[in-house]
There are 2 protein chains.
Amino acid sequence: IGGLVLKVWRFLEKAWDLGVDDPRKVIHCLKVGIALTVVSLFYYTRPLYEGVGGNAMWAIMTVVVVFENTVGATIAKCLNRVFGTLLAGFLALGVHWIASQSGEKLEPLIAGASLFLLASAATFSRFIPTVKARFDYGALIFILTFSLVTVSGYRVDKLFNMAHQRISTIVIGTSLCILVSMLIRPIWAGKDLYNLIIRNMDKLANSIDGSVAEYFNRSGGLTDCEGEAQKVFLGYKCVLNTKATEESMANFARWEPAHGRFNFRHPWKQYLKVGAAVRRCAYCIEALNACINSENQAPEFIKKLLCNTCLRVSSNSSRVVKELAKIIKTMKKSSTIDLLVEEMNAGVKELKDDLKSLSLSEAGTSENKRTEKISSKPAAAIPLMGMISMVSFASFQIEIA
Amino acid sequence: IGGLVLKVWRFLEKAWDLGVDDPRKVIHCLKVGIALTVVSLFYYTRPLYEGVGGNAMWAIMTVVVVFENTVGATIAKCLNRVFGTLLAGFLALGVHWIASQSGEKLEPLIAGASLFLLASAATFSRFIPTVKARFDYGALIFILTFSLVTVSGYRVDKLFNMAHQRISTIVIGTSLCILVSMLIRPIWAGKDLYNLIIRNMDKLANSIDGSVAEYFNRSGGLTDCEGEAQKVFLGYKCVLNTKATEESMANFARWEPAHGRFNFRHPWKQYLKVGAAVRRCAYCIEALNACINSENQAPEFIKKLLCNTCLRVSSNSSRVVKELAKIIKTMKKSSTIDLLVEEMNAGVKELKDDLKSLSLSEAGTSENKRTEKISSKPAAAIPLMGMISMVSFASFQIEIA
């Protein structure tokens with residue numbers, strides 16, 4: 001029993017940490033509670049209850065299922081739900097009318113066959129990537145509504161009445177959800193995406209610095225990887241697997257209305273491109289990292305020769321990345337970025353020259369370290385260079401708009 | 001109008017291709033149709049309808065919401081739904097009893113407060129990673145059932161009856177889903193995971209071969225990247241972002257009963273480890289690829305010198321990867337794997353020696369290519385080496401069990 005208590009205690013502690021770490025999650029939970037309590041008022045107050053009939057529970061259901069963490073996700077789900085229901089409702093009424101015209105015996109047959117066909121088709125549409133990304137939930141609701149209406153059409157006589165009630169309750173539920181999620185401390189998917197990208201770029205810059213420093217440090221015999229430095233330098237690991245998160249966020253961000261400094265037609269796709277470039281840089285660091293941990297290390301004297309240039313290049317490029325992050329953050333054209341990029345390119349060139357002169361006079365098994373860096377730097381530099389014009393263009397556009 | 005027709009036509013064409021590409025998706029759609037039609041029979045046949053009352057639509061709803069692509073996902077959702085409903089139902093009955101004891105005025109207050117508290121808590125629990133991975137859907141259903149029962153408890157007098165009906169309809173729906181998904185051409189998450197890992201390893205092996213060959217090819221002046229070869233060699237790109245898929249599959253696979261050659265306690269976690277190792281190798285290839293496309297290329301004569309050794313090492317290591325894939329596929333210990341690994345290590349050593357002798361006599365700016373390879377090979381070799389004992393151990397265990 002003691003073990004169980006301890007386990008539960010640890011679980012609660014972890015949950016508490018999670019809440020302290022990100023209070024927005026706690027606020028989201030309270031928002032769900034508020035929305036649910038408000039919607040259940042519809043049920044408790046008699047006049048409203050008479051208005052929508054016994055179907056008030058559909059409103060509750062809508063709130064529970066539709067309420068998501070970010071505003072964009074909530075709106076997307078609401079729209080999907082409303083349009084899925086409407087489309088399925090009209091189709092089902094049409095099928096019901098045809099079935100009722102064709103006699104007592106054929107009626108269940110027609111209803112069953114149409115149910116089978118449409119459910120299969122809608123399920124299949126959920127596999128198509130473009131549909132899946134945006135209308136997955138809508139297709140699910142379509143199947144659900146269609147089957148419910150078709151099946152109950154056989155029993156309930158007041159079909160129109162039922163459809164009307166169902167739709168009005170859903171509209172009540174969805175509009176309540178949208179209002180609550182937008183008015184009480186909104187969490188915007190767009191802003192989250194923007195913060196994520198900036199944070200990832202900062203992490204990347206620190207990792208570039210950290211890993212190069214780590215390499216020369218270790219080679220210098222000073223293998224003092226403290227916990228803190230290690231953590232900073234491993235920051236790029238989080239960047240490696242962010243693709244899915246970024247894409248879903250950009251997808252939700254498109255549904256959001258204008259908020260803060262983000263207009264309605266904010267170029268969310270550009271963020272995805274920046275994210276992809278950041279990820280590519282992170283792969284390079286991963287490879288560089290593999291070199292740090294590999295067995296064949298470079299001789300000391302070569303490392304010392306190249307140490308300064310390498311450190312300069314790495315600090316230059318990390319400064320470029322940080323500057324880019326700042327550009328995105330402030331959405332202003334930076335005056336220093338061109339200078340920094342030039343400096344970085346000069347540093348890369350210097351490193352190349354160093355290597356060339358070295359290779360003429362010295363041995364080079366050890367090259368792997370520095371050349372790795374060379375090869376990772378241009379690889380990192382190329383997408384960054386390409387991005388600069390694009391990003392600053394995008395930010396400029398935003399400034400104007 | 002012509003443009004619209006063309007668009008629709010293209011969309012249909014794409015959908016058709018998708019179906020031809022993976023007929024299992026089409027079968028899944030038909031299965032959903034079958035399950036829905038069967039469950040709607042409950043509604044059409046009068047005696048059964050009387051049995052479960054007007055609540056038969058809960059069974060339909062369950063089928064629509066719960067039916068997933070793989071058996072594991074379906075079972076996981078079914079269990080989540082049943083236990084979420086049961087737990088929430090009992091709690092709600094308890095709250096209802098307390099509320100009804102405390103008088104007319106306090107009743108809605110108590111019900112509302114408990115709804116607010118429990119909904120918030122359950123929503124919060126969905127943020128905890130361990131809960132999210134396995135019981136996300138269960139928590140959603142918990143909130144849904146609890147709010148429905150609490151709210152209707154105020155109205156419907158025959159609460160017990162309603163709860164009983166709701167649970168029985170859900171059980172009907174879930175058992176039907178499980179039966180249909182397991183009996184008609186089942187799609188096992190475990191088998192998918194197993195195939196995915198093997199396919200990824202094969203792709204990786206081809207990419208190792210391809211990228212090294214590509215490197216020496218291009219340096220030899222033969223820049224003939226045909227579409228086909230290019231495609232094979234870029235196969236590793238798919239490996240880069242498979243983490244989320246693998247994890248969710250392994251998660252579902254655990255729920256599945258024994259099937260095929262997979263026992264109940266099949267070590268799914270090992271697959272995740274193998275997948276992580278494969279991904280790490282893919283990062284190395286990505287870095288190597290950056291070298292291929294980088295500007296500073298090695299001088300010809302050095303490349304020629306090292307060409308043979310490099311090609312040997314790469315073919316060795318790709319053979320090791322392929323052999324490992326075969327081991328996983330057949331789940332048998334391979335007799336040749338130790339030999340192959342030894343060969344690979346010998347090759348790596350030879351390459352190192354070559355580099356050393358070269359560095360004493362020759363220049364080395366160009367080293368970046370080959371040393372990259374060296375550094376990527378051991379990096380690839382180390383996890384592979386670590387895996388070998390583990391994987392063969394796991395496969396051996398399976399053989400015995």
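Residue numbering restarts at 1 for every chain, and letters A, B, ... go by the order of the sequence lines.
Residue contact with chain A, scored on non-hydrogen atoms closer than 4.5 Å, involves the backbone and the side chain of B/Leu140 alike. Neither the backbone nor the side chain of B/Ile141 comes within contact range of chain A; no heavy atoms are under 4.5 Å apart. Contacts between B/Phe11 and chain A at a heavy-atom distance below 4.5 Å involve the side chain alone, from C-beta outward.
Scanning all heavy atoms of the two residues, the minimum distance from A/Leu30 to B/Phe116 falls at O-CE1, 3.6 Å. The two atoms that bring B/Ala119 and A/Gly33 nearest to each other are CB-CA, 4.5 Å, heavy atoms only.
Using a 4.5 Å heavy-atom cutoff, the side chains of B/Phe67 and A/Thr123 are not in contact. Contact of the A/Leu36 side chain with the B/Ile143 side chain is registered, since non-hydrogen atoms from C-beta on lie closer than 4.5 Å. Taking 4.5 Å as the limit, some side-chain heavy atom of B/Asn69 sits within range of a side-chain heavy atom of A/Phe127. When side chains are defined from C-beta on, A/Met61 counts as touching B/Met61, because their heavy atoms get closer than 4.5 Å.
Remark: aromatic rings of B/His28 and A/Phe124 are distant, center separation not under 6.0 Å.
Heavy-atom pairs under 4.5 Å with chain A were tallied for B/Val26, B/Leu115, B/Val32, B/Val64; the largest tally goes to B/Val64.
In this structure, the side chain of A/Ser120 engages the main chain of B/Cys29 through a donor-acceptor pair within 3.5 Å.
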